[in-house]
Structure formats: C-alpha cells, structure tokens
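The sequence lines fix the lettering, A, B, ..., with proteins before strands; numbering per chain opens at 1. These numbers come from a predicted model, not from an experiment. In what follows, every heavy atom counts, from backbone to side chain, and hydrogens, waters and symmetry copies are set aside.
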Amino acid sequence: MSENKKILIVEDDEFLRSLTVKRLESDGYAVSVAVDGESAVAAVSDEKPDLILLDLLLPGLNGFQVLEKIKGVDELKNIPVIVFSNLGQKEDIEKAKELGADDFLIKANFTLDDVIEKVHSYIK
Amino acid sequence: MTEFDKFRLYALRLFVFYRWLFAFVGIVAVILSTVFVGSSNNFNLPVLQLLIFFVSLIVVNFLPYFLLTAIAKKPSRFSITWSAYFTLIYDLLFVIVLVYLLGGPSLTSGFFFFWPILVAVVLFDFWLPIFTALTSSLIMFFLVFLEKEGFVTYFSNPVVMDWAGFDDKYNSVLNFSLLYILAGVILAYNYHLVKPVKIFKAHEVALPTEHTENNEKKEEWVRHMNEKLETAIRQLHSKDLELKLAKQQLEKLEQAKSKFISVTTHQLRTPLSAIKWTFNMMLSGQLGQISSDQETFLSKGYESTQRMIGIVNNLLNLDHIGTDQTDLTTAMVQLPELVEKVAFEFENQLESKKISLIIKKPDRQLPEVEIDPSKIRMVVENLLDNAIKYTPTDGQVTIKIKDDRINSVHPSLEVAVEDSGMGIPEEEQKKIFHKFFRASNAVAAEPDGTGIGLFIAKDIIERHNGTMWFESAPDRGTIFHFTLPLRHESKSVSKPQDQSIE
C-alpha cells in the first residue's frame, strides 16, 4: 500500500526531522530529506516524490519561495504539498494556499499520527 | 469731551490766526492811509498808537496760541470752556482799546464789536452771544458817558468816513454799504464756523475721543490677549508635535511587541512540537512497551505540553485581537460533531480527575451553522477546559446543545457547558469576561492560567453575532451558555464595540 511511495521532508530542525522520518519509515514510506530551500528544490526535481512535507522557516530560500518554484514547473506542480510549519498566522496560511499548497498543518497542534493520517489521505 | 468741544478748540485756534490776520491787515491799512490819503481830517488816525496796538496784538496773540497748542495735546471740556471764556473777554478788551484809539464810539469803531459777538456765537450757546451784544452796547454807552463827563478824552475825533466827492446821503449809504458788505463777507467766510455750531449743539454726541483713555486701555488689552493667544498657539504646536512623536513611538512599540510575540511563539512551538511528539511516540508504544506507571507520568508530561501549546496559541490569538482581525472564515458545520471532537481531546484530563462528561443533544438532526470552526472550537475548548479545571474529582460536566430556533427571532443554536465545580463568587462575576481577570478561588485552585480564555471566547462568539452568558452558584457549579445564529447577517462581521448600539 505504501510501498514505493516516496515522501520528501523539508525541515531544518534536526530532531523534528528525525522523528518524522522515523515515523514515516515505520509506516513503510521511502523518505528523503532536505534541510534548506535550495536543496529542497533540487531534491524535488531530481526525485519527483509522491508527496512533499514542507516547512516554511528555512535557512536561505524559505518555504514560500520553494513552493512557488515547485508549482511553477509543469512536471512538478501536481505533487501534493503539505505545508508543515509552526507559523500559524492567518496571512501565512492564506499565502501558502494561494501559492498552491494542498494543506497546512501547525506542528504543535498535531501529533505524528495525525500527520500520518494526512499523508495517507493525499497519497492514494 | 464732545464733538462740540472738538469744534470749539478748532474755532479757538482759528481765531488766533484771524487775529494775526487782522493785525496784519490793520498795519497795512494804517500805512496805506498815510500814503494815500495824507493827513486829511477825514481819516485822522493816530498812526503811531494804532501801530503799537497792532504790534502788541500780534505779540500778545502768542499767549493764546501756545495755550491752545498745549491744550490740543490733551484736550478736555474744562480747558476748552475756560479758553473760550478767556478768548471772549480778551477779544472784548482789545476791541475796547481799538475803539478808544479810533476816537471813541462811532459807527465805524462800533463795528468792531461785531467780532466778539461772532466769537460768542461760535463758541457758546444762545445766551452768551446775546449777552455779549448787550455788553458791547453797554460799553459803547459807557464810553460816551465817560467822554461826556470828561473822564476820558480820545486821541482824535471819531473816525468818520467821509468820502470825498459824495454828499451826505450818498456818504452814509456808502458807509453803511461798506459795513454790510464787510459784515457779510466776514460772516460768509465764517459760516462754516457758525453753521456746524447748530449741528454740534447736540452736546451729547460723544466722540470716540471721549474714550481716548478707554481706547488706550482696550488696545493694551488686545495686545495682551494677542500675546497670550500666541503663547497658547505655540504651546499647542509643541504639544501636537509631542503627541505625534508619542503616537509614532507607540506604533513602533506595538509593532515591536507584535513581532516579539510572533517570533517567540513560533520559536517556542518548535521545541514544544518535539516534546509533544516524543511523548506521543512513547505513549503509543512505538518505542517499546511501557509500564502503567510510566504511562501515568508520560501522560502528565503530554498534558502539560498540550497546556503549554495552548497558552502559546492563546498568546498569538491575543496579539491578533490587537490587530485588525474582523473577518472569519466561515463554513457550514455540524455543531454536535465539533463539540464531540473537542470532548475527545479532553479524554485524558477527564479520566485523571474521574469527571464524567455527558453530551446532550436533541434527537432530531440539527441544521448546520455558519461558523468559523477553528474559532468556535477554541471557545468550546476553553469552556470545557475551565469546567474540568474548576470541578473537583468525581465531578460532572454536561454539554447541552439546544435548538433555539423556535423561541427566538434569529434562528440559532445554543450550547451550554455545565459543571459541578466551585462556581464564581458573586462579587467577581461581573469581571469574569475581562482580559486577564481570574476569580480568586480559581487562582487558589489552579495557580496557572492567563485569564484571557473567556475574554477571547466572548469576543469570538460576539463576532459571530451570538451572545455568551453564564449562571453560577458558589460550590454548586457554573453553566456557561453561548448562542450561534445559523447564518451570518453580513459578510464581514464587525466587532460589537464598533457599532454604536449601546
């Protein structure tokens, strides 16, 4: 079911990243990581994952800019993107939605199980 | 001081000038008479005496000249009136001397009494001219009397004007004519003096000059007020500047505060998320089996983390209330579902305090409400959190969802959260919705708490055009109610405070 499904996690916090990776892998997903905006864009075009979990506060290029870039490329724009951030202000959610994000989760308000559920719902 | 006085002063000074003119003409006439006529008996004039007379007239005339100039600087009714009397007497005296020099009273010399009468007419009322005229006549008679009685002799025969070559009748007529013409000319010339006298008989016509002293005072007052006004304006300007600067600073401060809260809360969320997930992973058994003791303590840790996240979220919301957040993102929501989801969040807490939660809702399917689900969720969370916090162990919390459509004007649903807890003391009830307010017994039972939960909750409900209220009895329990209209009246919901209803 979740075999061969690739998920790209873009997250600069090491601990959160490792927790998320561990959780996803235990559910059978193939997970790759990017720690900043630049490498995220590169990773997306190289690997073409089935889903992207995108943090917004990143060193260098921020999440919004990554989102913009990805959604501007024809072959990449259909990959579901779940914005995964601790920025939770209305303007940020709006902006993300406008730039083409499929969902927005505030990390502090959800458990990893909730995250897995969301991922399931987008990868079908 | 009246217009009349002003006029009198003018007349007095004019008379000074006339006297000099008269003296000058007199001197010329006397000299001419010697040149042209020789010393015939007809114009037998005491030339020397007359010259002395005229010269002394010129000299003495300087006295009234200087006097009147001085008076003109600070005129007053008193000084002018007495100057007028003085002038009249002075002129009368000079005329008497002149008559004497011209050989005593005669038609010719008597003519000169015309002058003081004119002066009296110009300077005074009705009676004084009459009096002057009578006095002049009396003087004439008196002079004749003196001559007859031998007390006085005149220098010469009375000057009589006999024009050579005319017989008596023509002579008289000629003399009379000359006098009339002279009188007419003098009167006509001085008509501008005589005429205005009538007009200015209205002594009550007060001149602005009457108030020269007041005027000065007024001007000074105006100057003083102007200075005060200017000072006031300057002070206002500087105050305005101060206030502008203060406003700028406040705005900067507000921005800085917002930024600070925003940054801090977001920074806090990251480690909080990590802690939460760690606890969650451990509790779910993914990291291995845990003992029940471990579970208890891990649960407590997880709850505390949740609490912290709640506070951080609240802080952010509070800051948002400062900024303009008047629009809600509404959706059609099944209220009972939302309530049940929230209740689920609190399962752990309910269990640890052994509080039973009952959700009551009507049997019929309720309509959906147009609400902002995340915000209403916060409201229910807050009420439920309070209910559990302030109810002792083995207590009871009931959430009732009611259909209020039948009995009210605006169809709405009502939610009531009832607990069996400590209640709210009566004195503190009216402050319960105030920002940062916590009832004293609440603080005692639970030291942690920001006091903004209810404030935010009420604000959210009101922005949905609903109402929030409560009933409470100490040690018996509290019920918090809120209503939500099924539909929003308008697209953008403005805060109730913005509307000037109450």
Side-chain angles (χ1 to χ4, degrees), chain A residues 9-29 31 33 35-36 53-59 62-64 82-98 101 103-119, chain B residues 258-259 261-288 298-299 302-303 305-329 341-342 344-345 348 372 374-375 377-378 381:
Chain A
I9 299 179
V10 187
E11 168 67 63
D12 67 326
D13 185 271
E14 196 227 308
F15 183 54
L16 290 181
R17 192 174 62 233
S18 61
L19 275 181
T20 317
V21 168
K22 199 176 159 89
R23 187 72 181 79
L24 286 169
E25 279 178 349
S26 69
D27 238 48
Y29 290 102
V31 185
V33 299
V35 300
D36 61 58
L53 284 173
L54 178 62
D55 190 10
L56 288 175
L57 288 169
L58 298 167
N62 67 36
F64 289 119
I82 301 179
V83 171
F84 195 47
S85 177
N86 271 325
L87 277 182
Q89 277 171 278
K90 204 162 190 159
E91 310 92 70
D92 305 312
I93 303 177
E94 289 293 324
K95 192 171 172 186
K97 287 257 159 78
E98 267 172 47
D103 211 327
F104 196 111
L105 294 180
I106 298 175
K107 281 180 273 199
N109 290 348
F110 294 89
T111 63
L112 281 175
D113 294 331
D114 299 324
V115 173
I116 295 292
E117 259 185 67
K118 283 274 181 181
V119 169
Chain B
S258 282
K259 187 121 195 257
I261 289 180
S262 161
V263 166
T264 314
T265 48
H266 294 137
Q267 301 289 54
L268 284 172
R269 270 173 165 171
T270 303
L272 282 171
S273 316
I275 297 169
K276 175 174 172 163
W277 293 355
T278 310
F279 274 121
N280 185 248
M281 282 179 91
M282 286 196 273
L283 280 168
S284 62
Q286 289 167 44
L287 302 172
L298 287 171
S299 299
Y302 183 78
E303 260 173 59
T305 314
Q306 281 288 79
R307 261 231 149 77
M308 257 203 284
I309 293 174
I311 292 172
V312 167
N313 286 348
N314 260 356
L315 265 180
L316 263 181
N317 290 330
L318 187 63
D319 184 54
H320 287 174
I321 282 173
T323 66
D324 198 32
Q325 290 253 315
T326 50
D327 35 63
L328 310 160
T329 38
K341 271 199 216 151
V342 172
F344 184 69
E345 286 171 33
N348 276 346
D372 184 328
S374 60
K375 299 249 167 27
R377 194 192 182 115
M378 284 202 289
E381 279 171 352

Checklist entry - Side chain, backbone, both or neither: which part of B/M308 has a non-hydrogen atom closer than 4.5 Å to chain A? => result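 Contact with chain A involves no heavy atom of B/M308 at all.
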
Next on the checklist: Report which part of B/L283 has an atom under 4.5 Å of a heavy atom belonging to chain A: side chain, backbone, both, or neither.
Outcome noted: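 Nothing of B/L283, per the 4.5 Å heavy-atom cut-off to chain A.
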
Checklist entry - Side chain, backbone, both or neither: which part of A/T20 has an atom under 4.5 Å from a heavy atom of chain B? => result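 Answer is side chain: those atoms of A/T20 sit under 4.5 Å from chain B.
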
Report the distance from atom [atom1] of [X] to atom [atom2] of [Y], rounding to the nearest 0.5 Å.
X      : Y      : atom1 : atom2 : value
A/D12  : B/T270 : CG    : OG1   : 8.0 Å
A/L105 : B/S273 : CG    : OG    : 11.0 Å
A/I106 : B/I309 : CD1   : CD1   : 10.5 Å

Next on the checklist: Checking the side chain of A/N86 only, and the main-chain atoms of B/R269 only, is there a donor and an acceptor separated by less than 3.5 Å?
Outcome noted: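 Pair found, side chain donor or acceptor close to backbone of B/R269.
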
Checklist entry - Looking only at heavy atoms, what is the nearest atom pair of A/F110 and B/W277, with distance? => result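 Reported closest heavy-atom pair: O-NE1, 2.7 Å.
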
Next on the checklist: For A/A108 versus B/K276, what's the shortest heavy-atom pair and its separation?
Outcome noted: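 That would be O-NZ, 3.0 Å.
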
Checklist entry - Which of the residues A/L87, A/L57, A/D13 is involved in the greatest number of heavy-atom pairs with chain B at under 4.5 angstrom? => result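 That would be A/L87.
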
